[in-house]
Enquirer: 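Below is a structure I'd like to ask you about.
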Amino acid sequence: MTIQTAIKTLGASFGEKLSVAEAVRAHHGEDGSYYPAVLPDAVLFPESAEEVSEIVKICAAEGCPIIPWGVGSSLEGHTLPFHGGVTLDMSKMDQVVEVLQEDMLAVVQPGVTREALNEWIRDTGLFFPVDPGANATLGGMAATRASGTNAVRYGTMRENVLAGQAVLADGRIVRVGSRAKKTSAGYDLKNLLVGSEGTLGIFTELTVKLYGVPESITAATCAFDDVEGCVNAVIMAIQMGIPLARVEFLDEFTIAGVNNYSKLGLPEKPHLFLEFHGTEAGAAEQAEMFGEIAAEFGAGGFEWTANAEERNRLWKARHNVYFAGLSMRPGSKPLSTDVCVPISRLAEALLTARADVEASSLMGGIAGHVGDGNFHVGLLLDPDAPEELEEAKRLCAKWNADAIRMGGTITGEHGVGRGKRAWMADEHGDGYAVMAELKRALDPQNILNPGKVVELN
């Protein structure tokens, strides 16, 4: 039983849908993480669930690893073939199967990107809100339980995937979940697969929630003299019931990068970027109420607008934080990590992380989804200085430990992949062994994205 035998059989069955070209393999051998390139032995482009099933059966017969691939934007080595094998590129499964306007649902194939779905439904008065920044595929977003800037109001992929179809490690095609808003019918297999990072099954279809486009959307920015003011203003707003749609924290280093890259001209202080959804009067009232709260916690320069062009410019700058950071150290390679803590510990966690960066020899900034306690640290590393990568890894290990100590988690949305795996036992205790038992039960040969989330001996 060998990988090459599997590839030979796959080539005979799928012809030009299988590629062993160096350029294609190289494209699928890198992601957004700090890991060096790891090329798959071959890349396959299936077009249906039945084809995925046949591919998995052939690979299972030969013990050949299978690595699902969306667009490769993951940050913890999720899509890298560390054990070799075949990468399954889902980009040709990119159809919006059905839009159920009355139920406010869409049925999509896994290769549909979030931007493509919103473009498809733009005339329906509905939109899909989960926005991790990158134009990721919905299959990849479901696999990593993605969230992003809108999660404080609309939730993560866990809440927004109602049902799905997936191929298991033996090639069976199964349906999980339903179109109903709730169920008490047995084990929750849908949420077992959502967030499993392709280690338990490969999504071939998803049913996702849609929402009505708000009548009015108001965006705002405000600067604070300190991190505590930022966080405490958000806590107060949440406790008062102000329905924040987006609330993003950017530290002073990140703001400097945003000014440099996106030309916003903001004061180099900790900032909040916010968005409010509702009626025209309601969204304006929410912005004004938050402005009053922010002033109590030392905010200055609170500005809000309902102008779509200005609002889009603000959020484009937020989504370009990755590139803004790189502009602060040209030629550097980024290492991005995330943790999530209870919001009561967020100020402490942010200040600790900022102090750790400043005490190190590294450059980097912090941005986060302050409404749900999730933040990201982006470190800028010299690719020719391995000692910088080692120092960055030490900092990441400390932040993981700090998050667990504070009652939080080692990752709020990046996922585990390979990069976070070493801290899973610290967070989950004996529960981590249960995850391994589930993996063995559903994938006894360990062929589905091996080495991610759990490591089987």
Side-chain angles (χ1 to χ4, degrees), residues 1-31 35-74 77-95 97 108-113 136-140 143 165-174 193 196-206 417-418 439 442-452 456:
M1 297 194 300
T2 67
I3 291 173
Q4 291 306 318
T5 301
I7 291 173
K8 183 177 179 180
T9 305
L10 290 167
S13 298
F14 291 94
E16 294 183 354
K17 293 179 182 178
L18 182 138
S19 176
V20 293
E22 182 80 11
V24 176
R25 293 167 56 225
H27 174 69
H28 293 83
E30 295 185 78
D31 62 5
Y35 288 104
V38 183
L39 274 60
D41 293 283
V43 181
L44 254 168
F45 298 84
E47 297 182 10
S48 69
E50 290 71 26
E51 287 190 352
V52 174
S53 174
E54 184 179 350
I55 291 164
V56 171
K57 288 176 181 177
I58 291 170
C59 288
E62 298 295 337
C64 176
I66 307 163
I67 302 91
W69 174 280
V71 295
S73 59
S74 53
H78 301 74
T79 57
L80 299 183
F82 294 107
H83 297 264
V86 175
T87 289
L88 213 59
D89 187 316
M90 309 300 281
S91 60
K92 293 188 180 298
M93 294 181 65
D94 62 350
Q95 299 301 304
V97 178
V108 301
Q109 291 185 315
V112 175
T113 66
T137 63
L138 295 181
Q165 180 192 71
V167 175
L168 302 183
D170 59 5
R172 279 181 295 170
I173 300 174
V174 299
L193 293 180
S196 67
E197 303 182 12
T199 64
L200 301 179
I202 301 168
F203 281 115
T204 52
E205 187 179 278
L206 296 164
R418 182 165 174 171
K439 170 69 169 172
L442 291 176
D443 182 14
Q445 294 189 89
N446 194 23
I447 63 170
L448 294 184
N449 211 6
K452 318 299 169 50
L456 301 186

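Along the sequence shown, the residues carry numbers beginning at 1.
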Enquirer: Please walk me through it: do Tyr35 and Glu30 pass side-chain contact (heavy atoms from CB on, under 4.5 Å)?
Expert: CA-CA 8 Å; Tyr35 288 104; Glu30 295 185 78; over 6 Å; no

Enquirer: For the residue pair Thr5 and Thr2, confirm or rule out a side-chain donor-acceptor distance under 3.5 Å.
Expert: yes

Enquirer: Looking only at heavy atoms, what is the nearest atom pair of Gly85 and Ile3, with distance?
Expert: N-CD1, 3.7 Å

Enquirer: At what distance, to the nearest 0.5 angstrom, does CD of Glu22 lie from NE2 of His27?
Expert: 14.0 Å

Enquirer: Using a 3.5 Å distance criterion without hydrogens, assess whether the side chain of Asn446 forms a donor-acceptor pair with backbone atoms of Pro450.
Expert: no

Enquirer: Ignoring hydrogens and geometry, is there a side-chain-to-backbone donor-acceptor pair from Glu197 to Gly417 under 3.5 Å?
Expert: yes

Enquirer: Nearest 0.5 Å, what's the CD1-NE2 distance between Ile66 and His83?
Expert: 14.0 Å

Enquirer: Ile55 and Pro46: which non-hydrogen atoms are nearest, and at how many Å?
Expert: CD1-CB, 3.9 Å

Enquirer: Look at the side chain of Thr199 and the backbone N and O of Asn449, then say whether any donor-acceptor pair between them is shorter than 3.5 Å.
Expert: no

Enquirer: Is Gln165 reaching over with its side chain to a backbone N or O of Phe203, donor-acceptor style, under 3.5 angstrom?
Expert: no

Enquirer: Is a side-chain N or O of Asp94 found less than 3.5 angstrom from the main chain of Gly111, in a donor-acceptor match?
Expert: no

Enquirer: Nearest 0.5 angstrom please: Arg418 CZ to Thr79 OG1, how far?
Expert: 13.0 Å

Enquirer: For Leu200, is there any backbone N or O sitting under 3.5 Å from a side-chain donor or acceptor partner on Lys439?
Expert: no

Enquirer: Please report the C-alpha distance between Val97 and Val108 in whole Å, then the side-chain angles of each, then the deciding distance to 0.1 Å, and finally whether the side-chain contact (heavy atoms from CB on, under 4.5 Å) criterion is met.
Expert: CA-CA 5 Å; Val97 178; Val108 301; 5.9 Å; no

Enquirer: Decide yes or no for Leu88 and Val52: does some side-chain heavy atom of the first lie under 4.5 Å from some side-chain heavy atom of the second?
Expert: yes

Enquirer: Please list every donor-acceptor pair under 3.5 Å in which a side-chain atom of residues 14-21 meets a protein atom from a residue at least two apart or in another chain.
Expert:
{"from": "Lys17", "atom 1": "NZ", "to": "Glu51", "atom 2": "OE1", "distance (Å)": "3.3"}
{"from": "Lys17", "atom 1": "NZ", "to": "Glu51", "atom 2": "OE2", "distance (Å)": "2.5"}
{"from": "Ser19", "atom 1": "OG", "to": "Ala21", "atom 2": "N", "distance (Å)": "3.2"}

Enquirer: At what distance, to the nearest 0.5 angstrom, does CG of Leu44 lie from SG of Cys59?
Expert: 7.5 Å

Enquirer: Counting N and O atoms only, with roles assigned by atom type, does the side chain of Ser13 sit under 3.5 Å from a partner on the main chain of Leu10, one being a donor and the other an acceptor?
Expert: no

Enquirer: Stepwise, does the side-chain contact (heavy atoms from CB on, under 4.5 Å) test hold for Cys64 with Ile447?
Expert: CA-CA 6 Å; Cys64 176; Ile447 63 170; over 6 Å; no

Enquirer: Measuring from Asp170:CG to Leu442:CG, what's the distance to the nearest 0.5 Å?
Expert: 9.0 Å

Enquirer: Quick one: closest heavy-atom pair of Ile7 and Ala42, and the distance?
Expert: CD1-CB, 3.8 Å

Enquirer: With Asp41, which residues qualify under salt bridge (Lys or Arg N to Asp or Glu O under 4.0 Å), at least two apart?
Expert: none

Enquirer: Apply the side-chain contact (heavy atoms from CB on, under 4.5 Å) test between Val56 and each candidate in Val86, Val167, Ile173, Leu168; give the one that qualifies.
Expert: Val167

Enquirer: Centre-to-centre under 6.0 Å for Trp69 and His78, is that the case here?
Expert: no

Enquirer: Do side-chain atoms of Glu62 reach the backbone of Ala6 as a donor and acceptor pair under 3.5 angstrom?
Expert: no

Enquirer: Quick one: list whatever passes side-chain contact (heavy atoms from CB on, under 4.5 Å) with Pro40, sequence neighbours left out.
Expert: Arg25, His28, Val43, Pro81, Thr87

Enquirer: Test side-chain contact (heavy atoms from CB on, under 4.5 Å) on Thr137 and Met90 and set out the steps.
Expert: CA-CA 9 Å; Thr137 63; Met90 309 300 281; over 6 Å; no

Enquirer: Nearest 0.5 Å, please: how far is CE in Met93 from OG1 in Thr204?
Expert: 5.5 Å

Enquirer: Show the nearest heavy-atom pair for residues Ala169 and Ala60, with the distance to one decimal.
Expert: O-CB, 3.8 Å

